[in-house]
Amino acid sequence: MAQEETGSRATRSLGDLGPSEAMAAAHALSLPADQYGNDPSVEMVWAMKAYQHAEVYFNLISSVDPKHLKLTKLDDRIYSDFRTTFNDLKIDVVDPEELKSETAKEIWRPFCMQFDGIVEDFNYGTLLRLDCKKDYTEENTIFCTRIQFLAIEIARNREGLNSFVFSEAAKRKASSAAEDETSS
């Protein structure tokens, strides 16, 4: 019976968590990773938080010209250090090996660690779109650290690569408004 209950717990959604479970999971997310194991409630809360962040970010770059966005107070430094360290990294369509291979990790690790204590939650798990012209989907999303996300997305914004998302959203909005006007 206990095993069945544990198994069903792993498949529940965040909305199924009771108040005390949700509070415990939220508290656990604020602790260093070495202080807890693979608690399904914590994993569910983390996944939901990462997804919500991704959704908010995509809505933001769909609504505001990304060239004018400032994601942190340290955007200039993050961008400068990123392009100094990764001057040839292709960011319009990110190759997962450029983030995850052992060779890449050797370069990313010192880059990321320089932001420890400077960028809040610099190593927090975040979702990154591989192809900047596409939405978050299972095929177009990779897990990375928050500072990797910030570095790549700040560069995409400054280099005009995320403007495609904004332009496409503006076209859809204009088309929808024209359809509404025609049907009135």
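This one's a predicted model, so the numbers in the text were calculated from it and none came from an experiment.
With a 6.0 Å radius and a threshold of 12 heavy atoms from other residues, nucleotides or ligands, Lys133 has its NZ atom at or below the threshold. Applying the 6.0 Å contact sphere to CZ of Phe143 captures more than 12 heavy atoms from other residues, nucleotides or ligands. For NZ of Lys73, the number of neighbouring non-hydrogen atoms (other residues, nucleotides, ligands) closer than 6.0 Å is 12 at most.
Across Trp108 and Leu89, no two heavy atoms sit closer than the pair CZ2-CD2, 4.1 Å. Contact record, Glu98 with Ala104: O-CB, 3.3 Å, taken as the closest heavy-atom pair. Taking both residues in full, the closest heavy atoms of Gln148 and Cys112 are given as CG-SG, 3.9 Å, listed atom of the first, atom of the second, then distance. Counting all heavy atoms, side chain and backbone alike, Asn140 lies closest to Asp135 at ND2-O, 3.0 Å. The two residues Arg77 and Gln114 have their closest heavy-atom pair at NH2-OE1, 3.7 Å. Between Ala151 and Ile78, the shortest heavy-atom contact is CA-CG2, 3.7 Å.
Residues Phe122 and Thr145 fail the side-chain proximity criterion, which asks for heavy atoms closer than 4.5 Å. For the pair Pro96 and Leu130, the minimum side-chain heavy-atom distance is below 4.5 Å. Proximity of Arg156 to Val94: side-chain heavy atoms (C-beta onward) are separated by under 4.5 Å at one or more points. With a 4.5 Å cut-off on side-chain heavy atoms, Arg83 and Arg158 do not count as touching. Ile147 is listed as a side-chain neighbour of Phe111, based on a closest heavy-atom distance under 4.5 Å.
Although no hydrogens or angles enter the test, the distance criterion places a donor-acceptor pair under 3.5 Å between the side chain of Thr84 and the main chain of Ser80.
Between atom CD1 of residue Ile142 and atom OG1 of residue Thr126 there is a gap of 12.5 Å, rounded to the nearest 0.5 Å. Rounded to the nearest 0.5 Å, atoms OG1 (Thr85) and CG (Asp88) are 12.0 Å apart. Atom CZ of Phe149 is separated from atom CG of Leu71 by 6.5 Å, given to the nearest 0.5 angstrom. Here Cys132 contributes atom SG and Lys134 contributes atom NZ; the two are 10.5 Å apart, rounded to the nearest 0.5 Å. If you take NZ on Lys49 and CG on Leu127, they are separated by 13.0 Å, rounding to the nearest 0.5 Å. To the nearest 0.5 Å, atoms OG1 (Thr141) and CG (Leu128) are separated by 8.0 Å.
Residues Phe82 and Tyr124 are members of separate hydrophobic clusters, defined by side-chain heavy-atom contacts under 4.5 angstrom among Ile, Leu, Val, Met, Phe, Trp and Tyr. Hydrophobic clustering, with ILVMFWY side chains joined whenever heavy atoms are under 4.5 angstrom apart, groups Ile61 together with Val64. Tracing side-chain contacts under 4.5 Å through hydrophobic residues (I, L, V, M, F, W, Y), one never reaches Met48 starting from Phe58; they form parts of separate clusters. Note on Phe115: it clusters hydrophobically with Ile107, by side-chain heavy-atom contacts below 4.5 Å among ILVMFWY residues. Under the 4.5 Å side-chain heavy-atom criterion for Ile, Leu, Val, Met, Phe, Trp and Tyr, Leu161 and Leu60 are members of the same hydrophobic cluster.
With hydrogens and angles left out, the side-chain atoms of Asp75 and Thr72 include a donor and acceptor closer than 3.5 Å.
The one candidate from Asp65, Asn157, Leu69 that meets the side-chain contact (heavy atoms from CB on, under 4.5 Å) condition with Phe166 is Asp65.
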Item to complete: Could you check Glu153 against Arg129 for salt bridge (Lys or Arg N to Asp or Glu O under 4.0 Å), going step by step and ending with a plain yes or no?
Response: CA-CA 9 Å; Glu153 289 297 336; Arg129 294 169 301 130; 3.3 Å; yes

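Ring geometry for His53 versus Tyr57: interplanar angle under 30°, hence parallel rather than tilted (30 to 60°).
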